[in-house]
Number of protein chains: 4
Amino acid sequence: MRNNKPKYNQIIEAAVRVIAENGYHGSQVSKIAKAAGVADGTIYLYFKNKEDVLVSVFEEKMGQFIEKIAESTSQKQNAEEKLQTLIEEHFGQLSADYYLAIVTQLELRQSNYSLRLQINNVLKPYLTVIDNIVREGIEQNHFRSDLNTPLVRQMIFGTLDEIVTNWVMKEQKYDLLSQVPEVHALLIGALSRTD
Amino acid sequence: MRNNKPKYNQIIEAAVRVIAENGYHGSQVSKIAKAAGVADGTIYLYFKNKEDVLVSVFEEKMGQFIEKIAESTSQKQNAEEKLQTLIEEHFGQLSADYYLAIVTQLELRQSNYSLRLQINNVLKPYLTVIDNIVREGIEQNHFRSDLNTPLVRQMIFGTLDEIVTNWVMKEQKYDLLSQVPEVHALLIGALSRTD
Amino acid sequence: MRNNKPKYNQIIEAAVRVIAENGYHGSQVSKIAKAAGVADGTIYLYFKNKEDVLVSVFEEKMGQFIEKIAESTSQKQNAEEKLQTLIEEHFGQLSADYYLAIVTQLELRQSNYSLRLQINNVLKPYLTVIDNIVREGIEQNHFRSDLNTPLVRQMIFGTLDEIVTNWVMKEQKYDLLSQVPEVHALLIGALSRTD
Amino acid sequence: MRNNKPKYNQIIEAAVRVIAENGYHGSQVSKIAKAAGVADGTIYLYFKNKEDVLVSVFEEKMGQFIEKIAESTSQKQNAEEKLQTLIEEHFGQLSADYYLAIVTQLELRQSNYSLRLQINNVLKPYLTVIDNIVREGIEQNHFRSDLNTPLVRQMIFGTLDEIVTNWVMKEQKYDLLSQVPEVHALLIGALSRTD
DNA sequence: TATGAATGAGATTTCATTCAT
DNA sequence: GATGAATGAAATCTCATTCAT
């Protein structure tokens with residue numbers, strides 16, 4: 001695998017740092033190369049072009065992000081707990097990585113359509129995790145049986161994403177993790193049976 | 001106000017069209033000028049720079065969008081109905097204006113940080129409308145009294161925004177308005193008192 | 001026509017000068033722009049890209065070159081005189097324009113395949129002039145009737161071209177025009193009836 | 001000599017193949033190395049630099065080409081026959097080696113001035129062969145005594161070269177060798193005594 | 001000898017903005 | 001007010017060459 005090569009990871013890590021500090025449009029290849037301690041041309045030994053660097057940043061970082069969430073949730077027994085864990089991990093990981101939060105919430109969204117499509121692809125497994133929790137909640141009779149899974153998934157993802165983006169744009173001045181219980185309560189309220 | 005001048009509006013309308021058809025990065029000043037039937041230099045008689053054109057597009061279009069929502073909701077008596085009307089108007093207006101939906105959901109999000117801050121400013125009155133509905137629902141004892149208004153507002157806006165973005169990215173192949181009841185039910189579920 | 005625009009001609013003339021002085025591969029767009037007294041970007045208002053500049057140099061210069069030859073030869077009555085005039089003009093014009101000779105004989109031949117095909121196209125009318133002289137000579141019974149016109153044309157053009165190239169590579173240290181009679185005699189020897 | 005080393009020849013042969021298939025500008029050192037089955041760096045153990053590879057290709061290939069012509073013509077008794085043999089060999093060898101024809105007629109001509117000077121040097125022995133035939137013809141009283149040898153040599157070489165180049169550019173769609181008699185007749189016509 | 005990963009200089013082209021008319 | 005020709009800064013990517021192993 002290419003990520004055994006140390007230079008590959010050096011470049012990815014440098015890219016996150018440079019993008020977080022200079023913004024998407026201020027992140028020239030030469031700046032990333034310098035931050036990674038390699039020559040400009042070296043970037044092109046590991047990546048097809050600049051867009052490939054950015055996609056790879058997202059793939060690597062979001063890949064880990066999603067994997068952790070998938071693993072943590074899988075260890076919980078019911079849908080409500082899984083949802084809570086998902087929110088905790090989502091907020092927790094982005095709280096813990098200042099640069100990653102800026103890059104994923106603000107900077108990479110400025111990318112062009114082609115890059116956006118690839119980013120959406122990377123996100124798919126996360127959306128599947130959400131879908132499965134919703135389905136499980138319905139099967140376990142904890143959630144309402146008439147839920148429209150895609151719509152619910154859009155609500156959950158849209159809610160979490162908007163909350164994190166607000167937090168990043170407010171320069172992370174408050175504690176994101178402390179909002180987990182309230183967010184969980186809101187979402188459970190939306191999903192639970194009322195009878 | 002500068003929007004009494006006919007060329008100002010010509011340019012705004014041309015910009016929406018050009019951005020929707022060519023994407024954010026394919027929308028050069030010269031292209032907008034040509035579509036508006038004016039010379040490149042004329043743009044600079046009405047706008048400070050390109051960013052000002054884009055902000056103005058958002059201001060004008062979202063200004064109308066928000067105004068309509070504010071007016072429609074104000075005619076309803078209680079928070080639940082107001083929320084329903086808000087969702088209807090939000091989905092309805094974007095359903096009705098193909099170009100506007102693409103521009104606001106996809107293209108203008110590719111803008112840089114500075115433009116994004118200005119766009120957020122334009123959105124503030126909309127967020128206030130949501131806040132007021134939430135507060136009213138609490139006061140009317142329809143919503144739970146322990147709701148964290150900003151958080152709830154983020155959930156509502158994040159949910160609606162994510163749903164519309166998905167719909168635009170799926171090339172508007174399904175009917176957005178038919179989802180209003182389900183979305184409303186979900187949000188009401190999240191907000192309502194359970195006792 | 002685009003060559004009414006003064007900048008267009010400024011750029012063409014500058015390009016000939018720059019190519020002659022710096023060689024094909026030493027002729028960056030910025031160097032041509034500077035020599036023409038315009039900004040780099042101005043080049044692209046008049047030419048699609050760098051290749052278009054080079055093709056146009058050849059078109060304009062060879063266009064005039066060929067036109068003069070066509071006109072001069074047309075005023076002669078028989079094929080032998082026409083051939084003499086053609087050689088005189090061919091050698092004469094390139095003798096008179098130091099830069100043009102270097103550019104057409106040495107530098108533009110270093111171009112890539114695509115440019116070479118376009119250059120060949122420009123040369124076509126010249127080859128036609130030669131063909132017509134050959135045919136006329138045959139009809140007038142001055143040249144042998146069994147001549148293979150394309151082959152003869154290749155001999156004539158190949159001969160003149162090789163002689164000029166040698167002269168340019170020897171840095172034009174001898175007088176090219178003084179060779180006209182000998183060259184003419186050789187070619188007439190090849191073409192004339194022997195009975 | 002360095003061409004006792006097998007890798008040297010591997011690289012030369014690979015270079016011809018790569019240049020014929022990819023064109024002069026598409027023939028990177030790494031591509032030649034790969035085709036030769038050696039590492040990039042190995043090229044530099046056998047050649048000073050890329051230009052040296054190209055010059056060597058020309059030297060080796062044209063060396064053989066010229067040697068054969070010199071040998072074949074030396075076995076003929078008079079200038080006319082020698083000229084015929086020279087044309088036959090010139091056309092014959094290039095007809096027989098598809099890649100060599102493309103490389104020498106089209107691709108290597110795109111090289112820069114310095115390489116062109118070296119290529120001219122390689123050609124010198126061939127030009128001497130031609131010169132000797134011309135001088136012999138004059139001495140033998142077959143050719144006109146007033147011939148300017150360098151000029152005649154330029155005519156002969158220019159003619160043959162132009163004919164081959166045309167044939168290569170027309171993608172070798174017709175038989176080059178069948179033109180030998182006509183070409184010979186033309187050149188003999190130019191050189192022969194007319195009394 | 002042989003390797004091949006790393007280097008880094010260098011050039012085309014775009015496009016927001018200006019300003020003389 | 002209106003024009004649009006001209007500006008020129010700025011960034012990606014290639015590829016010949018090197019050198020530690």
Side-chain angles (χ1 to χ4, degrees), chain A residues 5-8 10-11 25-34 36-54, chain B residues 5-8 10-11 25-34 36-54, chain C residues 5-8 10-11 25-34 36-54, chain D residues 5-8 10-11 25-34 36-54:
Chain A
K5 310 214 180 183
K7 296 252 158 106
Y8 175 85
Q10 267 175 53
I11 294 166
H25 289 108
S27 298
Q28 295 81 1
V29 169
S30 60
K31 223 177 249 172
I32 295 173
K34 197 169 185 183
V38 301
D40 293 17
T42 305
I43 301 268
Y44 294 88
L45 296 177
Y46 295 91
F47 302 91
K48 220 169 51 242
N49 49 34
K50 187 183 175 180
E51 181 169 311
D52 189 29
V53 177
L54 302 175
Chain B
K5 316 217 180 182
K7 296 227 165 140
Y8 173 85
Q10 268 174 52
I11 294 167
H25 289 107
S27 298
Q28 294 79 4
V29 170
S30 61
K31 219 178 253 171
I32 295 172
K34 196 172 183 184
V38 300
D40 294 15
T42 305
I43 301 266
Y44 292 86
L45 298 175
Y46 295 91
F47 300 90
K48 216 167 58 236
N49 50 33
K50 186 182 179 180
E51 183 170 308
D52 188 27
V53 177
L54 301 175
Chain C
K5 309 213 182 184
K7 294 253 158 104
Y8 175 86
Q10 269 175 51
I11 293 166
H25 289 108
S27 297
Q28 295 80 0
V29 170
S30 61
K31 225 177 246 171
I32 295 173
K34 198 169 184 182
V38 300
D40 294 16
T42 305
I43 303 269
Y44 293 87
L45 295 178
Y46 295 91
F47 302 90
K48 219 169 51 241
N49 49 35
K50 186 182 178 181
E51 181 169 310
D52 189 29
V53 177
L54 302 175
Chain D
K5 314 216 179 181
K7 295 229 164 140
Y8 174 85
Q10 267 174 52
I11 294 167
H25 288 108
S27 298
Q28 294 80 4
V29 170
S30 61
K31 219 178 252 172
I32 295 173
K34 196 172 182 183
V38 301
D40 294 15
T42 305
I43 302 266
Y44 292 86
L45 298 176
Y46 294 90
F47 301 89
K48 216 168 56 237
N49 50 33
K50 186 182 177 179
E51 183 170 307
D52 188 29
V53 178
L54 301 176

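By convention in this document, chain letters (A, B, ...) are assigned in the order of the sequence lines, proteins followed by strands, and residues within each chain are numbered from 1.
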- Query: What are the two closest non-hydrogen atoms of D:F47 and D:D52, and how far apart are they?
  - Reply: CA-OD2, 3.4 Å

- Message: I need the minimum non-hydrogen distance between D:I11 and D:I32, along with the two atoms involved.
- Response: O-CG2, 4.1 Å

- Message: Both D:A39 and C:H25 contact DNA chain E. Which one's nearest nucleotide lies toward the 5' end?
- Response: D:A39

- Message: Which residues pass the side-chain contact (heavy atoms from CB on, under 4.5 Å) test with A:Q28, not counting sequence neighbours?
- Response: A:S30, A:K31

How many Å lie between [atom1] on [X] and [atom2] on [N], as a whole number?
{"X": "A:Y46", "N": "E:dA6", "atom1": "OH", "atom2": "C1'", "value": "8 Å"}
{"X": "D:K31", "N": "F:dT14", "atom1": "NZ", "atom2": "P", "value": "12 Å"}
{"X": "D:I32", "N": "F:dC15", "atom1": "CD1", "atom2": "C1'", "value": "12 Å"}
{"X": "B:L45", "N": "F:dG4", "atom1": "CG", "atom2": "P", "value": "13 Å"}
{"X": "D:I43", "N": "E:dT1", "atom1": "CD1", "atom2": "C1'", "value": "15 Å"}
{"X": "B:F47", "N": "F:dA2", "atom1": "CZ", "atom2": "C1'", "value": "15 Å"}
{"X": "D:K34", "N": "F:dC15", "atom1": "NZ", "atom2": "P", "value": "14 Å"}

- Below 4.0 Å: OP1/OP2 of F:dA6 and any side-chain N or O of C:T42: no

- Query: Think D:K7 has a side-chain N or O under 4.0 angstrom from the OP1 or OP2 of E:dA2?
  - Reply: yes

- Would you write out the dot-bracket form of DNA chain F, 5' to 3', with Watson-Crick and G-U pairs under 3.5 Å, [ ] for crossing pairs, | for pairs to other strands and . for unpaired bases? .||||||||||||||||||||

- What string of B, S and - do you get for nucleotides 16-21 of chain F, 5' to 3', if B is base contact, S is sugar-phosphate-only contact and - is no contact with any protein heavy atom under 4.0 Å? SBB---

